[in-house]
Amino acid sequence: PSFLLLCFRSALATPLIFGLLLQAPLTQLSTITQPNFVLLLADDLGIGDLGCYGNDTIRTPNIDRLAKEGVKLTQHIAAAPLCTPSRAAFLTGRYPLRSGMDAVNDYRVIFWNAGSGGLPPNETTFAKILQQQGYSTGLIGKWHQGVNCESRNDHCHHPLKHGFDYFYGMPFTLISDCQPTETPEMDRAFRRKLWLSTQMIGLFTLTAVLGRLTGLISVQWKTLTCLAGFSLLFFVSWFSSYGFVRYWNCIMMRNHGITEQPMVTDRTTSLILQESISFIERNKHKPFLLFLSFLHSHTPLLTTEKFLGRSRHSLYGDNVEEMDWMVGQVLDAVDKEGLKDTTLVYFASDHGGWLERREGERQLGGWNGIYKGGKGMGGWEGGIRVPGIFRWPGVLPPGTVIDEPTSLMDIYPTVVHLAGGAVPQDRVIDGRDLLPLLRGTVAHSEHEFLFHYCGVHLHAVRWHQKDTGAVWKAHYVTPIFSPPGAGACYARGVCPCFGEGVTHHEPPLLFELSQDPSEAKPLSADTEPLFDTVIRKIGRAIEEHRRTLTPVPEQLSVSNVVWKPWLQPCCGTFPFCWCDKEGDN
């Protein structure tokens with residue numbers, strides 16, 4: 001019997017040993033100094049839009065390959081549900097309200113290139129630290145962190161002031177106003193009110209003049225002249241900004257210079273891809289950081305003719321499939337230069353898909369899979385749970401799936417550590433180094449609590465109870481969906497953070513995400529024995545978190561957000577701002 005048992009054990013062990021010998025060993029980090037970084041960030045992409053996250057109708061083979069060859073995070077969380085604050089957190093590793101990049105009002109993002117708010121100069125981005133470590137750093141694509149502070153060319157918020165050696169792209173964000181054939185998107189409801197007010201004032205003025213001419217009313221011509229002047233002044237005061245959004249906001253820059261004003265959207269995609277590949281080729285002989293900040297898949301969904309009509313989800317699907325192709329082209333460029341094994345590639349989205357974005361029957365926003373809510377919603381998973389994929393052959397185990405809570409803010413310490421730098425010690429850094437988790441040397445994320453803000457308003461908190469594996473999430477504020485039960489704020493266009501459009505919960509709504517990821521069945525003290533214990537634990541965490549917050553200037557205050565003509569980037573002599581240097585070339 002002992003002889004048979006020995007033979008049986010040998011039979012089991014032989015294929016196991018053989019398999020281990022065939023498996024490529026993971027490289028020791030000590031043998032790799034300063035890897036390259038290619039950070040790919042999509043705009044408004046829903047977690048349910050990718051094949052590797054369960055979508056079987058939009059084709060994303062290149063992003064899917066990235067996941068197959070690397071590590072896929074299934075609980076990757078944005079620090080905010082909108083572009084400006086989420087990207088500020090990504091760049092600094094800090095909750096956006098720490099830098100003043102989250103809003104106390106309804107203006108929750110940078111609204112104009114000619115606003116004075118933006119990522120403060122005293123914030124230290126990961127690009128700035130890598131620059132100090134000898135890296136070539138480049139940003140291609142969207143910025144949306146502000147441009148100027150006090151004068152047209154001070155560029156205090158510009159990427160080149162925040163650690164990037166090279167910038168090509170939009171200092172603002174892509175909006176439908178950039179496409180002449182599309183319905184204007186920016187501040188649409190407010191613009192309607194301004195038009196209506198202008199028409200009413202004009203009609204009143206015209207009626208008064210006609211009444212004076214016909215003798216029906218007795219009013220001095222001087223009064224009518226003042227009234228007409230007021231009407232004209234009111235019209236000019238708002239039309240000088242909103243009437244020229246395409247010229248003021250839809251511009252392309254290379255470093256500090258404007259190359260297109262307004263941008264020529266037909267060639268934007270090819271130029272961004274060309275610039276990204278060129279940056280890799282120029283810097284292949286020394287360590288580099290490429291942050292490719294896609295304009296895809298934000299409206300107006302700029303898509304080249306090659307991809308139009310190819311997907312099963314109309315223009316939005318076409319746009320996502322084109323972005324996937326662009327990812328493939330960038331990965332091919334890395335491979336072509338022999339940099340695959342020395343380059344950490346990361347792919348994510350800045351927040352969830354925009355459910356409310358429609359034009360008639362056309363759905364122009366993304367899909368967030370099984371998760372409730374979407375863009376603009378600070379608490380519900382659909383607004384903040386995003387794709388998160390890492391690839392680094394030989395260092396990260398391929399085909400790995402991690403279900404631990406992680407954050408876009410974690411990129412900051414992860415990249416800084418790998419580059420040989422140190423995170424700043426004079427401020428709170430909310431991100432955590434992901435490398436031990438990605439390599440499998442630890443089982444759990446360092447995050448015990450994650451705080452989910454909508455503007456400066458705390459809407460929800462998640463607690464990862466590591467000893468049991470439970471992920472508790474308490475909602476203190478939730479948006480009121482309109483129409484009721486619709487799952488989004490279709491009547492508003494985007495859900496609010498405060499006021500009459502939200503509901504405050506006392507006690508908070510509680511979910512256990514590992515059992516109920518769709519947040520469909522709130523728990524109560526009657527149905528969950530640990531309810532009171534969990535709520536008390538999260539409450540204490542909120543108190544501790546708030547003690548770490550310090551007052552800072554509000555970058556998205558109304559005074560910082562409004563259009564200021566003297567801050568308007570201009571290719572020419574203001575207000576005659578126009579150029580097409582790419583076309584000239």
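- Between His457 and His459, the two ring planes are tilted [angle within 30° to 60°].
- Residues Leu139 and Ser293 form a side-chain contact, since some pair of their non-hydrogen atoms from C-beta on lies under 4.5 Å apart.
- The structure places CD of Glu554 at 7.5 Å from CG of Asn105, a figure rounded to the nearest 0.5 Å.
- We find that Glu185 and Arg358 are not joined by a salt bridge, their nearest charged nitrogen and carboxylate oxygen being 4.0 Å or further apart.
- Proximity of Leu556 to Phe111: side-chain heavy atoms (C-beta onward) are nowhere separated by under 4.5 Å.
- Looking only at distances, a side-chain donor or acceptor of Thr468 sits under 3.5 Å from a matching main-chain atom of Ala470.
- Between Glu512 and Lys473, no side-chain nitrogen of the basic residue sits less than 4.0 Å from a carboxylate oxygen of the acidic one, so the salt-bridge criterion is not met.
- Atom NE2 of His144 sits about 3.5 Å away from atom OG1 of Thr84, to the nearest 0.5 Å.
- For His464 and Phe449, the gap between ring centers reaches or exceeds 6.0 Å.
- Ion pairing of Arg312 with Asp318 is absent here, as no side-chain N (NZ or NE/NH1/NH2) approaches a carboxylate O to less than 4.0 Å.
- Using a 3.5 Å distance cut-off with no hydrogens or angles, the side chains of Tyr316 and Asp49 do pair a donor with an acceptor.
- In this structure, the separation between CD on Glu69 and CG on Leu396 is 12.0 Å, given to the nearest 0.5 Å.
- Nearest heavy atom pair, residue Pro405 against residue Leu450, reads CB-CD1, 4.2 Å.
- Arg427 is listed as a side-chain neighbour of Thr124, based on a closest heavy-atom distance under 4.5 Å.
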Query raised in the report: Checking side chain to side chain contact (heavy atoms under 4.5 Å, CB included) for the pair Phe291/Ile140: CA distance, chi angles, key distance, verdict?
Result: CA-CA 6 Å; Phe291 176 20; Ile140 312 295; over 6 Å; no

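- By the side-chain contact (heavy atoms from CB on, under 4.5 Å) test, His504 pairs with Val477, Val502, sequence neighbours left out.
- For the pair Leu289 and Phe37, the minimum side-chain heavy-atom distance is below 4.5 Å.
- Between Pro85 and Val109, the shortest heavy-atom distance links the atoms CD-CG1, 4.4 Å.
- Between the side chains of Ser407 and His76, no donor-acceptor pair is found at a separation under 3.5 Å.
- Between Phe90 and Phe126, the ring centre distance stays below 6.0 Å.
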Query raised in the report: How far apart are the C-alpha atoms of Glu356 and Arg492, what are their side-chain angles, what is the distance that settles it, and do they pass the salt bridge (charged side-chain N to carboxylate O under 4.0 Å, His left out) test?
Result: CA-CA 8 Å; Glu356 297 94 344; Arg492 290 175 175 263; over 6 Å; no

**Report entry** Full working for side-chain hydrogen bond (donor to acceptor under 3.5 Å, both in side chains) between His162 and Gln145
**Finding:** CA-CA 10 Å; His162 279 294; Gln145 299 293 300; over 6 Å; no

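- A side-chain donor-acceptor contact under 3.5 Å links Thr400 to the backbone of Pro397.
- In this structure, the separation between CG on Asp106 and SG on Cys497 is 8.0 Å, given to the nearest 0.5 Å.
- With 3.5 Å as the limit, one finds a donor-acceptor pair spanning the side chains of Thr548 and Arg98.
- For His505 and Tyr476, the ring centers sit 6.0 Å or farther from each other.
- Contact between Ile538 and Ala474 at its shortest, heavy atoms only, is CD1-CB, 3.9 Å.
- Among all heavy-atom pairs drawn from Tyr346 and Ala348, the shortest one is OH-CB, 3.2 Å.
- Inter-residue side-chain proximity for Phe347 and Leu45 is flagged as met; some heavy-atom pair is nearer than 4.5 Å.
- The two residues Met377 and Cys495 have their closest heavy-atom pair at CE-SG, 3.7 Å.
- A donor-acceptor pair is defined here as one N or O able to donate and one able to accept, closer than 3.5 Å; such a pair exists between the side chain of Thr441 and the backbone of Pro436.
- Between the side chains of Asn55 and Thr57, at least one donor-acceptor pair of N or O atoms lies under 3.5 Å.
- In this structure, the ring of Phe511 has its center no less than 6.0 angstrom from the ring center of Trp472.
- A salt bridge links Arg188 to Glu359: at least one charged side-chain nitrogen sits closer than 4.0 Å to a carboxylate oxygen.
- Remark: the Thr414 side chain and the Asp410 side chain contain no N/O donor-acceptor pair separated by less than 3.5 Å.
- Residues passing the ring pair (Phe, Tyr, Trp, His ring centres under 6.0 Å) test with Tyr53: none are found, sequence neighbours excluded.
- Salt bridge Arg357/Asp44: absent, no basic N to carboxylate O contact under 4.0 Å.
- A salt bridge is defined here as a Lys NZ or Arg NE, NH1 or NH2 lying under 4.0 Å from an Asp or Glu carboxylate O, and Arg94 with Glu123 meets this definition.
- Distance alone, capped at 3.5 Å, places no donor-acceptor pair between the Thr60 side chain and the Ile63 backbone.
- Without hydrogens or angle criteria, Trp354 side chain to Gly493 main chain gives a donor-acceptor distance under 3.5 Å.
- Here the side chains of Val71 and Ile389 are not in contact, with every heavy-atom distance at 4.5 Å or above.
- Residues Thr299 and Leu364 form a side-chain contact, since some pair of their non-hydrogen atoms from C-beta on lies under 4.5 Å apart.
- For the pair Asp102 (side chain) and Pro96 (backbone), a donor-acceptor distance under 3.5 Å is absent.
- The pair Glu448-Arg462 does not meet the salt-bridge criterion, since no charged nitrogen lies less than 4.0 angstrom from a carboxylate oxygen.
- In this structure, Ser297 contributes its side chain and Asn319 its backbone to no donor-acceptor pair below 3.5 Å.
- A donor-acceptor contact shorter than 3.5 Å links the side chain of Gln363 to the backbone of Leu355.
- When side chains are defined from C-beta on, Asp350 does not count as touching Val386, because their heavy atoms never get closer than 4.5 Å.
- Atom OG of Ser445 sits about 5.0 Å away from atom NE2 of His447, to the nearest 0.5 Å.
- To the nearest 0.5 angstrom, Lys193 atom NZ is 9.5 Å from Asp187 atom CG.
- Using modelled atom types, one finds a donor on one side chain and an acceptor on the other under 3.5 Å when comparing Glu519 with His475.
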**Report entry** Derivation and outcome, ring-ring contact (aromatic ring centres under 6.0 Å, His included), residues Trp143 and Phe172
**Finding:** CA-CA 6 Å; Trp143 175 237; Phe172 191 60; over 10 Å; no

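- The pair Asp324-Arg59 does not meet the salt-bridge criterion, since no charged nitrogen lies less than 4.0 angstrom from a carboxylate oxygen.
- The minimum heavy-atom distance between Trp380 and Gly373, with the atom names listed, is CB-CA, 4.1 Å.
- Side-chain contact of Lys372 with Ser518: a donor-acceptor pair under 3.5 Å is absent, judged by distance alone.
- With hydrogens and angles ignored, the 3.5 Å screen pairs a side-chain donor or acceptor of Arg191 with a backbone N or O of Met186.
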Report task. For salt bridge (charged side-chain N to carboxylate O under 4.0 Å, His left out), just list the numbers for Asp43 and Arg87, CA-CA rounded to whole Å, side-chain angles, deciding distance to a tenth of an Å, and then say yes or no. Result -> CA-CA 10 Å; Asp43 197 1; Arg87 290 161 183 269; 3.7 Å; yes

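- Using a distance-only test at 3.5 Å, with no hydrogens or angles considered, no donor-acceptor pair links the side chain of Arg432 to the main chain of Pro413.
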